[in-house]
Amino acid sequence: MAAVNLSVNGQAKTVDADPDSPLLYALTEDFLLNGPKFGCGLAQCGSCTVLLDGEPVRSCTLPCSEAVGHEVTSIEGLGTVDQPHPLQQAFIDEQAVQCGYCLSGIMLYGKTFIDSNPNATEAEILRSLNGLICRCHTHVRMAKALMRYAEGRRA
Amino acid sequence: MSVRFTKPVAAAMTADAREALEKAGLSRRDFFQTAGALIVSFSAAGKLTGQTATVDPPVNRVDSWVAITADNQVKGYAGKCEFGQGFKTVQYQLFAEELGVAIESVQLTICDTAQCPDQGVSSGSQGHPTQFGPSALRQALATAREALLGMAAQRLGAASGDLAVENGEVFVKADPSKRVAYGALIGGKRFDLTINPNAVPKHPSEYTVLGTSVARYDIPEKATGQYEFIQNVRVPGMLHGKVVRPPAIGAKVVSVDEASVAGLPGNVKVVVKNDFVGVVADKEWQALQAAQELKVTWSTPAALPAQAGFYEYMRRQPTRDSYTVRTDDADTVMNGAARTVAATYLHPYQMHGSLASSCSVADIQGGSGANAKGTIWSATQGVYPQRDSVARVLEIPNTNLRVIYVEGSGCYGINGADTVSFDAALLSQKVGKPVRVQYTRADEMVAAENYGPAYVVDMKAGLDASGNIAAWSYEAWTLAKGGRPNANNPGNIVTGALAGFATAPIVPAAGATPTTFNNGGNSASPYGAGIVGGRAQGTGNIRAERVLVRTIQSPFFTGPLRSPARLQNTFANDSFIDEVAAAVRADPVEYRLRHLSDPRMKDVLTGAAEAYGWDARPSPKPGNARTGVVRGRGIAVVLYEGDNGYCGLVAEVEVDQTTGAVTVLRLVASQDSGPVSNPDGIRNQMEGGALQGMSRAMREEVRWNDQNVMSQDWRSYPVFQFGMPIPKVECVVIDRPDAEHMGAGECTITIAAAAIANAIFDATGARIREVPFTPARVLAALRART
Ligand code: FES
Ligand code: FES
């Protein structure tokens, strides 16, 4: 165990953790976040996704020591129920959720790609989600929500 | 157009709030044991710290379902879970509609043995028919409203019939200034009424809240990461547990070397009960390391039956037989047929494969015996059955155990949610502290699931001279082991069995001619007349029928997986009707219509076909080349469970005849589940079900070797995922305000495999009779074309 300095959603904290342990455990046990979730622990599904300096990473396999010195953002860091981020609003507007366990991956990979490619086609946006799993198979609505967000970015 | 309602009902719960909720539960028990002590505020319950309890609010009493506070807030209690299908929102709508209150004034608690009536398990698409049925939520609310109107009539000096309700206030229609709020009539007091079977609920044609697309209450919190899932339950002082499962199915513990983890950090403790082995540590990562390091010596069990040739193996086992239909003339009409058609369909074991590996927290205090007690937070589909079965395993009175439902990821049946709660309870009991168990992916997929069982189905049809079906024979082999846990069968799931409880074996038995028609498994096709006891009860008109299900012992635990048995059976039944239609060169829709009698069944069939733009002609599609890329369309229908949701689905596919790759381009569904409670909600279920059905048809099969299941992650159990082409999905929702409420969540998934197989045939002339439709199997079917 060691002292690991992390900054998550703008909040800095020193946590007592094995530097090799996955970042996800620090996010859920020390930062008490609900957004990033344990799905597979194998970097295969995306439900643990957070942004590391704006780039999506799988926190279930990323050693927490590798997050030191970088800003971590989870979906909690985007917006709130009262003031949702436009991406979150798009998912609410499209009712693009069944259980919602997969949302961190779908939203954060989608957001990263759309923010730098606001004119991308639906096919291109969906390709940026390659390999992510939504087991409720809410794909149709999620595609619509991401397109709605992209349209907002273009406007 | 969706209507919004956002409310703090499921706000992310801190440990404090969680504790307060627990106390609120106790106050609810007090409510049932002492008169009038209505909802106690959280802050008032401090004296109850640490106490756990359970209460079984009688399902026939109005107070078990609803209470109204002095400030006109509605407290609702119900026993049907939310797991992403949107049914909690529908239950909110039902409260608002039936009572005539604003939906925002309702606070609904579901599935907590200390607060909610025992409604068994939330499964089988029974939520909708049950809650709107004659003895559950809607009837309780109708009884409550009649009582409130009666009280208001007295208070206002008017006749009940001259009153109306708006936003929880009763007023005189002729003089709206004369009014009284519900809270002033009953606030803080009990109704003290038994549910009145004669109370008249609102007719769906009067609905203003139900029947509209009220937005899901939970989506804003889910989209912002605030929502508390079972994986996020944090109980003060909680430790972390992991399980160590046998490396081979049937292996038993020979010895456990506790010294192998002695030096590890985190105050590691080892727990062993028969063949159940687990570890507990301070932090989750430490528990994971300890589980990996722990040295356990296991016995070597007998080898599993080989996967190659397994379907033939199934036919050779002793069977427990059951007929769904068996008419006296089944054999004679078949033998006298002008022509027969026969085919065999194969369906593998599949898994729920929930996105979340299951998780649970248990806090069991006092060991075992009369003074032990505890609380379990679980994503189970049935809090009461879990309470009763865990109580047996822990050897504590079930009334000392409380099970609180907390949503997990979509479960689609009995995933690892029950099993992991057994694990957490056993570990917590041994260490005397709250323990959270979060499964690994392999724990979930290999060692916790009750898989959907494999099927072998032999179909045969006898045709008359005009090509119509006169005799229908279905004979299936399937497997079972365990199932949902209950008080008598804790061994129905893996943890109960490991801990020493027997799993009831399949006892071979001959089948008898049935005396009642029960098509809950959809073994009888929609085209049969379903003649049992001299009465035709099916949706079709084939009178001579033999429908025989033969069950054998499964090597793996099995249990309900979304559309259990119904999906496998419908793959066989609705592929086969398509084969027969092709054999007599009939259009697939027209041929089905010839054999259907139920008008609602016909409507979903033609509804899907029309929405798709069906071109009537026999399959395969004339003019399609035998090489290269071709397209085709197929259709399938079902009445889910024989009485619980009509559905039709058209699939359009593209087949690459060089590689065998199939791409589903378009899915058009039509559904009739009676009165529509939430149009957008039902569409969400239809879309998700159609795609999940496509995934199961195209990709999913549990694999094993001679020791254990090899499908242990998303690489070895691939499902439809992002990056693959998403078909266009269209939904036609048929509203039937005068019909009974039916289920809606398992209809499209039931018919996806058959519709896709039929489309592949239409495109290529090749019939694929084994799920999943992998490129290799499609190529084999293409080679087998005549
Ligand atoms: S939990 Fe990290 S990718 Fe699945
Ligand atoms: S909505 Fe359930 S996994 Fe995506």
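Lettering of chains follows the sequences in order, A, B, ..., and the numbering in each one begins at 1.
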Open item on the list: I'd like to know if the side chain of B:Gln692 reaches the main chain of A:Cys136, judged simply by a donor and an acceptor atom lying under 3.5 Å from each other, with no hydrogens or angles considered.
Closed with: no
Task: chain B contact via A:Phe38 - side chain, backbone, both or neither, heavy atoms under 4.5 Å - done: both
TODO: Under 4.5 Å heavy-atom distance to chain A, tell me which part of B:Gln289 shows up: side chain, backbone, both or neither.
DONE: neither
- [ ] Test B:Thr224 against every option in A:Gln83, A:Gln89, A:Glu76, A:Gln88 by the side-chain contact (heavy atoms from CB on, under 4.5 Å) rule and name the one that passes.
- [x] A:Gln88
Open item on the list: Quick one: does any side-chain atom of B:Ser357 pair with a main-chain N or O of A:Gly39 as donor and acceptor, under 3.5 Å?
Closed with: yes
Open item on the list: Only pairs of heavy atoms separated by less than 4.5 Å count here; which of B:Gly86, B:Gly225, B:Gly723 has the most with chain A?
Closed with: B:Gly225
Task: Side-chain heavy atoms of A:Gln98 within contact of B:Phe83, under 4.5 Å - done: no
- [ ] Tell me, for B:His240 versus chain A, whether the close heavy atoms (under 4.5 Å) come from the side chain, the backbone, both or neither.
- [x] side chain
- [ ] Heavy atoms only, distances under 4.5 angstrom: which of B:Val729, B:Val719, B:Leu288 has the most pairs with chain A? Name it, please.
- [x] B:Val719
Task: Toward chain A, the part of B:Glu284 with a non-hydrogen atom under 4.5 Å - done: both
- [ ] Under 4.5 Å heavy-atom distance to chain B, tell me which part of A:Asp82 shows up: side chain, backbone, both or neither.
- [x] neither
Open item on the list: So for B:Tyr412, is it side chain, backbone, both, or neither that comes closer than 4.5 Å to the heavy atoms of chain A?
Closed with: side chain
Open item on the list: Using side chain to side chain donor-acceptor pair (under 3.5 Å), reason through A:Arg135 and B:Asn415 one step at a time and then give a plain yes or no.
Closed with: CA-CA 13 Å; A:Arg135 184 53 166 157; B:Asn415 64 348; over 6 Å; no
Task: Gap separating the OH atom of A:Tyr25 from the CD atom of B:Gln286, nearest 0.5 angstrom - done: 11.5 Å
Open item on the list: Has B:Arg234 got a side-chain atom pairing as donor or acceptor with A:Thr28's backbone, closer than 3.5 angstrom?
Closed with: yes
- [ ] Below 4.5 Å from any heavy atom of chain A, which atoms of B:Phe720 appear? Answer side chain, backbone, both or neither.
- [x] both
- [ ] Could you tell me which of A:Arg127, A:Glu29, A:Arg141 has the largest number of non-hydrogen atom pairs under 4.5 Å with chain B?
- [x] A:Arg141
Task: Greatest number of heavy atom pairs closer than 4.5 Å to chain B - which of A:Leu78, A:Leu87, A:Leu126 - done: A:Leu126
Task: Gap between atom NZ of B:Lys283 and atom CE of A:Met1 - 0.5 Å precision - done: 4.5 Å
- [ ] Below 4.5 Å from any heavy atom of chain A, which atoms of B:Lys728 appear? Answer side chain, backbone, both or neither.
- [x] neither
Task: CG-OG distance between B:Leu355 and A:Ser47, expressed to the nearest 0.5 angstrom - done: 4.5 Å
Task: Side-chain touch B:Gln721/A:Leu132, heavy atoms, less than 4.5 angstrom - done: no
Task: Approximate separation, where rounding is to 0.5 Å, of B:Ile726 CD1 and A:Glu122 CD - done: 6.5 Å
Open item on the list: Measuring only between side-chain heavy atoms, which start at C-beta, is A:Ile133 closer than 4.5 Å to B:Phe722?
Closed with: no
Task: Among the listed options B:Ala442, B:Ser409, B:Gly689, B:Gly410, the residue most often paired with chain A at heavy-atom distances under 4.5 Å - done: B:Ser409
TODO: Classify the ring geometry between B:Phe229 and A:Tyr101 as parallel (under 30°), tilted (30 to 60°) or perpendicular (over 60°).
DONE: perpendicular
- [ ] Output the option from B:Ser695, B:Ser354, B:Cys411 having the highest count of non-hydrogen pairs under 4.5 Å with chain A.
- [x] B:Ser695
- [ ] Counting only heavy atoms closer than 4.5 Å, note whether B:Pro727 contacts chain A via side chain, backbone, both or neither.
- [x] backbone
Task: Verdict with reasoning, B:Gln226 to A:Asn34, per side chain to side chain donor-acceptor pair (under 3.5 Å) - done: CA-CA 6 Å; B:Gln226 297 299 315; A:Asn34 291 357; over 6 Å; no
Open item on the list: I need the B:Gln712 CD to A:Leu42 CG distance, nearest 0.5 Å.
Closed with: 8.5 Å
- [ ] Name the option with the most non-hydrogen atom pairs under 4.5 Å to chain A; the candidates are B:Met694, B:Gln231, B:Glu407, B:Gln85.
- [x] B:Gln231
Task: Donor-acceptor contact present, side-chain A:Asp18 to main-chain B:Trp285, <3.5 Å - done: no
Open item on the list: If I measure from the heavy atoms of chain B, does A:Leu32 come under 4.5 Å with its side chain, its backbone, both, or neither?
Closed with: both
Task: Region of A:Ser21 in contact with chain B, defined by heavy-atom distances below 4.5 Å - done: both
TODO: Answer yes or no: is there a donor N or O on one side and an acceptor on the other, between the side chain of B:Arg216 and the main chain of A:Gln95, under 3.5 Å?
DONE: no
